[in-house]
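Single-structure report; data block below.
Protein chains get the first letters and strands the later ones, always in sequence-line order, with residue 1 at the start of each. Excluded from the calculations below are hydrogen atoms, water molecules and symmetry mates; all remaining heavy atoms, backbone and side chain alike, are included.
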Amino acid sequence: MDAEITFSINELASDFNVTTRTLRFYEAKALISPKKEGQRRIYSQSDRERLSFILRGKRLGFSLAEIAEMLDLYESDNKKKFQSKVIIDNIKEHIEILKYKRKDIDKTLQEMLSLVKEYE
DNA sequence: CTTCTGACA
DNA sequence: TGTCAGTA
């Protein structure tokens, strides 16, 4: 009955332009935990979203350790409600970091834009 | 032929 | 992370 859309490690890897080695590596770092069909890894849509988040985090310059932290912070707010303040504080910190990154990007963007403008 | 674990670059 | 080995 359940037409769960799943992916093999190969499909997921090619879909996101990463290697299967990378996916196993992230799993070893506990960033993704696909189901196992015997030995074979079975990736679900949620695993897909997690990978998307991980790769985006990488592009934003976060380390795998930081991404791992964000990941379990974002999913733990249901279970560990007694620690909500700590979680909120951590997320706020991430928000601040992102704001600085955005400022840097905007600054650099403006400089490059005006630079190109001089030569065209 | 695809995937897995472990090891080494 | 890439890659090579030896399997299941």
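The minimum heavy-atom distance between A:Thr19 and A:Ala13, with the atom names listed, is C-CB, 4.0 Å. Closest of all the heavy-atom pairs between A:Leu12 and A:Phe7 is N-CB, 4.3 Å. What you find for A:Ser63 and A:Glu66 is that their closest heavy atoms are N-OE1, 2.8 Å. Closest approach of A:Asp47 to A:Ile42, counting heavy atoms only: OD2-O, 3.9 Å.
Residues A:Phe62 and A:Ile97 are in side-chain contact: their nearest non-hydrogen atoms beyond the backbone lie under 4.5 Å apart. Looking at A:Phe16 and A:Thr22, their side chains never come closer than 4.5 Å, going by heavy atoms from C-beta outward.
Taking the charged nitrogens against the carboxylate oxygens, A:Asp15 and A:Arg48 do have a contact shorter than 4.0 Å, which makes a salt bridge.
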Which atom pairs, one a donor and one an acceptor, fall under 3.5 Å between side chains of residues 50-61 of chain A and the rest of the protein, sequence neighbours left out?
residue: A:Arg50; atom: NE; partner: A:Leu31; partner atom: O; Å: 3.0
residue: A:Arg50; atom: NH1; partner: A:Glu75; partner atom: OE1; Å: 2.9
residue: A:Arg50; atom: NH2; partner: A:Leu31; partner atom: O; Å: 3.0

Compile the donor-acceptor pairs under 3.5 Å between side chains in residues 106-118 of chain A and protein atoms, sequence neighbours left out, one pair per line.
residue: A:Thr108; atom: OG1; partner: A:Asp104; partner atom: O; Å: 2.8
residue: A:Ser114; atom: OG; partner: A:Gln110; partner atom: O; Å: 3.2
residue: A:Ser114; atom: OG; partner: A:Glu111; partner atom: O; Å: 3.0

Self-check item: Pairing pattern in dot-bracket form [Watson-Crick, G-U; both distances under 3.5 Å; | = partner strand] for DNA chain C
Solution: ||||||.|
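For the pair A:Phe25 CZ and B:dT5 C1', the computed distance is 15 Å after rounding to whole Å. Residue A:Tyr26 contributes atom OH, which lies 14 Å from atom C1' of C:dG2 at whole-angstrom precision. Atom CD in A:Glu27 sits roughly 12 Å away from atom P in B:dG6 (whole-Å rounding). In this structure, CD of A:Glu11 is placed 12 Å from P of B:dT2, rounded to the nearest angstrom. As a whole-Å value, the separation of A:Arg24 CZ from B:dG6 C1' is 12 Å. Rounded to whole Å, atom C1' of B:dT2 lies 13 Å from atom CD of A:Glu37. Atom C1' of nucleotide B:dC4 and atom CG of A:Leu12 are separated by 17 Å, given to the nearest angstrom.
The neighbour count for A:Lys35 NZ, taken as heavy atoms of other residues, nucleotides or ligands under 6.0 Å away, does not exceed 12.
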Enumerate all atom pairs, one protein N or O and one N or O from nucleotides 3-8 of chain C, separated by less than 3.5 Å.
residue: C:dT3; atom: O4; partner: A:Arg21; partner atom: NE; Å: 3.0

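For A:Lys36, the salt bridge (charged side-chain N to carboxylate O under 4.0 Å, His left out) partners at least two apart in sequence or on another chain are A:Glu27.
For the segment residues 44-67 of chain A, the set of residues with a heavy atom within less than 4.0 Å of an atom of DNA chain C comprises A:Lys58, in numerical order.
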